Amino acid sequence: MKIATFNINGIKARIEALLAWLDAARPDVVLLQEIKSVDEGFPREVFEERGYFVETHGQKGFNGVAILSRLPLEDVERGLPGDDADAQARWIEATVVGKVAVRLVALYLPNGNPAPGPKFDYKLAWMARMKARVADLLAEEVPLVLGGDYNVIPAPIDAARPEAWVEDALFRPESRAAFRAIVNLGLTEAIRTRDPRPGLYTFWDYQGAAWQKNDGIRIDHLLLGPQAADLLSDAGIDKAVRDGDKPSDHVPVWIELEA
DNA sequence: ATGACCAATGGAATTGGA
């Protein structure tokens, strides 16, 4: 089962680029972030025509997550628990049943800039809520895949110019510590089990010719529960997508599970 | 000043991204 995560930066603006990648990469499951659309505005038919089931959790203008799957999705849950006042659409869960059942999460972790400030406080509070939810999901002891835009640069080797990010919410010690605390619940970071080398990036800003200079950062991650980690056979980053027509500023990250 | 961007909203300029 091939599972990918992709921050598409707007479903309406990205439909052609997304379909071109879908037809080439042929993932079984896609975890989407930043659909920037309400549920009713999501062009679900073009994906259904290609054999995907579609579950969305959108909002007007910003954020929004979705799951595409060739196999039916069950037990869909929308929203990150822990704060009934939080209306931002950044979290959706579903179960897909292949050879075994896999619990999926598509997440769009808050950016948090500027830091310090209320947006940074929201980011850290959101990560604390995520840690609590992940602990509950791990207690289920079923294969678990958490994919998304984490808006966290885990380590200096995950940025072309780490010195440029030291004051940024994506790289501040508090953000990295909160990310480590979630991983340390017992998750495996898929890309790093396959390739420990520096120079792996998933985001290049539109500004400053960042792509042309390979001035990237690695902030899109696939974290696996122990039962899913045991099924991992491959992982990669579809870097070439950044060179396509009207690209997102992020590229897809994928895993292959024996599931 | 990523001195040089992009998407959505709404119908110009602002907000948010990272």
Side-chain angles (χ1 to χ4, degrees), chain A residues 5-21 31-43 56-66 86-91 106-127 130 147-176 178-179 199-221 237 239 241-253:
Chain A
T5 180
F6 192 1
N7 180 324
I8 54 173
N9 187 17
I11 185 63
K12 297 175 189 70
R14 211 65 60 214
I15 191 70
E16 294 303 324
L18 176 56
L19 291 175
W21 168 76
L31 309 170
L32 296 173
Q33 302 87 39
E34 283 207 270
I35 64 173
K36 296 187 177 181
S37 167
V38 294
D39 294 333
E40 306 77 56
F42 192 89
T56 62
H57 181 41
Q59 71 178 88
K60 186 175 181 180
F62 307 102
N63 305 324
V65 288
D86 183 3
Q88 298 193 32
R90 298 178 173 275
W91 184 275
L107 67 104
Y108 177 44
L109 205 148
N111 174 304
N113 279 306
K119 291 189 176 182
F120 191 56
D121 295 341
Y122 173 70
K123 176 177 194 158
L124 296 179
W126 199 97
M127 294 181 84
M130 176 175 170
D149 176 359
Y150 285 70
N151 271 316
V152 175
I153 302 166
I157 61 168
D158 297 311
R161 296 183 303 121
E163 69 279 4
W165 297 91
V166 291
E167 299 295 329
D168 195 281
L170 278 63
F171 194 55
R172 286 179 69 103
E174 302 94 323
S175 304
R176 294 169 58 195
F179 180 80
L200 302 179
Y201 309 129
T202 66
F203 170 90
W204 296 261
D205 203 299
Y206 292 121
Q207 299 185 68
W211 168 246
Q212 288 73 15
K213 294 189 286 194
N214 195 27
D215 182 10
I217 52 176
R218 196 174 67 90
I219 56 173
D220 300 272
H221 308 298
I237 301 171
K239 182 176 180 178
V241 170
R242 189 63 177 78
D243 239 345
D245 293 330
K246 282 204 72 181
S248 172
D249 38 9
H250 298 250
V251 297
V253 182

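In what follows, chains are A, B, ... by sequence order, proteins preceding strands, each numbered from 1. Keep in mind it's a predicted model, so treat the numbers as computed, not measured.
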Query raised in the report: Within the pair A:Asn9 and B:dC6, is there a side-chain N or O less than 4.0 Å away from OP1 or OP2?
Result: no
Query raised in the report: Where the side chain of A:Lys60 is concerned, which of B:dA8, B:dG10, B:dG17 is the nearest nucleotide?
Result: B:dG10
Query - Rounded interatomic separation in angstrom, taking CD from A:Glu167 and C1' from B:dT2 - result: 17 Å
Requested in this report: Take atom P in B:dC6 and the same atom in B:dG10, then report the distance between them in whole Å.
Outcome: 22 Å
Query raised in the report: When you check the phosphate oxygens OP1 and OP2 of B:dA18, does a side-chain N or O of A:His250 lie under 4.0 Å from one of them?
Result: yes
Requested in this report: Would you classify A:Asp249 as touching base, sugar-phosphate or nothing, given that sugar-phosphate means primed atoms plus P, OP1 and OP2, and contacts are heavy atoms under 4.0 Å?
Outcome: nothing
Report summary line: Between A:Gly208 and A:Phe203, whichever has its closest DNA chain B nucleotide further toward 5' is A:Gly208
Query raised in the report: Short question: side chain of A:Lys119, backbone of A:Pro114 - any donor-acceptor pair under 3.5 Å?
Result: no
Query raised in the report: If we take the P atom in both B:dA7 and B:dA18, what is their distance in whole Å?
Result: 13 Å
Query raised in the report: Which whole number of Å gives the distance between the C1' atom of B:dA4 and that of B:dA8?
Result: 22 Å
Report task. Check every atom of B:dG17, B:dA18, B:dA8 against the side chain of A:Leu170 and return the nucleotide holding the closest atom. Result -> B:dA18
Query raised in the report: Between the side-chain atoms of A:Asn111 and the base atoms of B:dA18, is any donor-acceptor pair under 3.5 Å?
Result: yes
Report task. Mind calculating the distance between CG (A:Asn214) and C1' (B:dT2) to the nearest angstrom? Result -> 15 Å
**Report entry** Residue A:Lys246, side-chain atoms from C-beta onward, closest of B:dA18, B:dG16, B:dA7
**Finding:** B:dA7
Query raised in the report: Should A:Trp126 and A:Gln88 count as side-chain neighbours, where that means a heavy-atom distance under 4.5 Å?
Result: no
Query raised in the report: Whole Å only: how far is the CH2 atom of A:Trp165 from the C1' atom of B:dT2?
Result: 9 Å
Report task. Could you tell me the separation between the CZ atom of A:Phe62 and the C1' atom of B:dG16, rounded to a whole number of Å? Result -> 5 Å
Query raised in the report: For A:Lys119 and B:dG17, is the shortest distance between a side-chain N/O and OP1 or OP2 below 4.0 Å?
Result: yes
Query raised in the report: Would one find a side-chain N or O of A:Tyr108 under 4.0 angstrom from OP1 or OP2 of B:dG16?
Result: no
**Report entry** Integer-rounded Å distance: B:dA18 C1' and A:His221 NE2
**Finding:** 13 Å
Query raised in the report: Reckon A:Arg14 has a side-chain N or O less than 4.0 Å from the OP1 or OP2 of B:dA8?
Result: no
Query raised in the report: Expressed in whole Å, how much space separates the C1' atoms belonging to B:dG11 and B:dT15?
Result: 16 Å
Requested in this report: Please work out if A:Arg90 contacts a base, only the sugar-phosphate, or nothing of the nucleic acid, heavy-atom cut-off 4.0 Å.
Outcome: sugar-phosphate
Report task. May I have the distance from A:Asp168 (atom CG) to B:dG16 (atom C1'), rounded to whole angstrom? Result -> 14 Å
Query raised in the report: Counting side-chain heavy atoms from CB outward, which of B:dA8, B:dG17, B:dA18 is closest to A:Tyr206?
Result: B:dG17
Side-chain donor-acceptor distances from residues 152-164 of chain A under 3.5 Å, at least two apart:
| residue | atom | partner | partner atom | Å |
| --- | --- | --- | --- | --- |
| A:Asp158 | OD1 | A:Arg192 | NH2 | 2.6 |
| A:Asp158 | OD1 | A:Arg218 | NE | 2.8 |
| A:Asp158 | OD1 | A:Arg218 | NH2 | 3.2 |
| A:Asp158 | OD2 | A:Ala155 | N | 3.0 |
| A:Arg161 | NE | A:Asp215 | OD1 | 3.3 |
| A:Arg161 | NE | A:Asp215 | OD2 | 3.1 |
| A:Arg161 | NH2 | A:Asp215 | OD2 | 3.1 |

Query - N or O in side chain of A:Asn7 less than 4.0 angstrom from B:dG17 OP1/OP2 - result: no
Report task. May I ask you to check whether A:Trp211 and A:Asp249 show a side-chain donor-acceptor distance below 3.5 Å? Result -> no
Query raised in the report: In whole angstroms, how far is the C1' atom of B:dA18 from the CG atom of A:Asp220?
Result: 11 Å
Query raised in the report: Any side-chain heavy atom of A:Lys239 sitting closer than 4.5 Å to one from A:Asn214?
Result: yes
Query raised in the report: Between A:Phe120 (CZ) and B:dG17 (C1'), how many Å, whole number?
Result: 17 Å
Query raised in the report: Is the closest side-chain donor-acceptor distance between A:Asn7 and A:Glu34 under 3.5 Å?
Result: yes
Query - Along DNA chain B (nearest heavy atom to each residue), the more 5'-positioned of A:Asn63 and A:Ala210 - result: A:Ala210
Query raised in the report: Does A:Tyr150 reach the side chain of A:Ile219, with side-chain heavy atoms less than 4.5 Å apart?
Result: no
